Amino acid sequence: MAIDATLPYDDSNVFARILRGEIPAQRIYEDDVALAFLDINPQAPTHILVIPKGRYVSWDDFSARASDAEIAGFVRAVGIVARDRGLVAPGYRLLANIGGDGHQEVPHLHVHLFGGRPLGPMLSRG
Ligand code: 5GP
């Protein structure tokens with residue numbers, strides 16, 4: 001179910017629990033500000049989630065409240081993950097869902113990285 005991205009941060013969300021090590025994830029990259037792990041239900045041969053370590057509900061929350069260092073570090077981390085996984089030459093897609101119409105399901109900012117096959121048009125119709 002899609003979340004309301006205007007609600008306060010909920011420390012019980014699944015990505016907060018992954019960050020705290022309470023539930024497992026296939027972690028592929030970590031630094032001071034970001035963690036990347038494989039999506040549990042991949043929509044492409046490569047489907048990675050990159051999250052900030054800070055408590056941010058969505059891209060909206062992050063872009064409004066995060067420090068410049070967090071924002072720079074997070075953007076760098078997404079780029080590092082894509083390069084490390086060999087996604088740059090064939091190409092890949094970034095996606096961040098925000099709130100109800102964006103169909104965001106987990107209320108901790110995450111950027112999806114999709115790759116490993118031609119990804120087709122940007123959005124499905126309907
Ligand atoms: P959203 O719709 O919020 O942009 O995407 C949430 C994503 O999180 C989905 O692609 C879903 O498969 C993934 N996901 C949900 N729960 C878990 C989990 O416990 N572990 C991992 N690795 N991914 C999860």
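Positions are given from 1, in the same order as the sequence printed here. For ligands, and for the atoms within them, numbers begin at 1 and follow the listed sequence. Predicted model, so just to flag it, every value in this text is computed and none were measured.
- The hydrophobic clustering, which links ILVMFWY residues whose side-chain heavy atoms are closer than 4.5 Å, places Leu109 and Ile18 apart.
- Here the side chain of Glu30 pairs no donor or acceptor atom with the backbone of Asp32 at under 3.5 angstrom.
- Using a 4.0 Å heavy-atom criterion, the residues that approach ligand 1 are Val14, Phe15, Ile18, Phe37, Leu38, Asp39, Ile40, Asn41, His47, Leu49, Asn97, His103, Gln104, Glu105, Val106, His110, His112.
- Glu70 pairs by the side chain to side chain donor-acceptor pair (under 3.5 Å) definition with Tyr56, Ser67, not counting sequence neighbours.
- Sorted by first and then second residue, the ring-ring contact (aromatic ring centres under 6.0 Å, His included) pairs with a member in residues 14-36 read Phe15-Phe37, Phe15-His110; sequence neighbours excluded.
- Inter-residue side-chain proximity for Ile48 and His112 is flagged as unmet; no heavy-atom pair is nearer than 4.5 Å.
- For His103, the ring-ring contact (aromatic ring centres under 6.0 Å, His included) test picks out no residue, with sequence neighbours left out.
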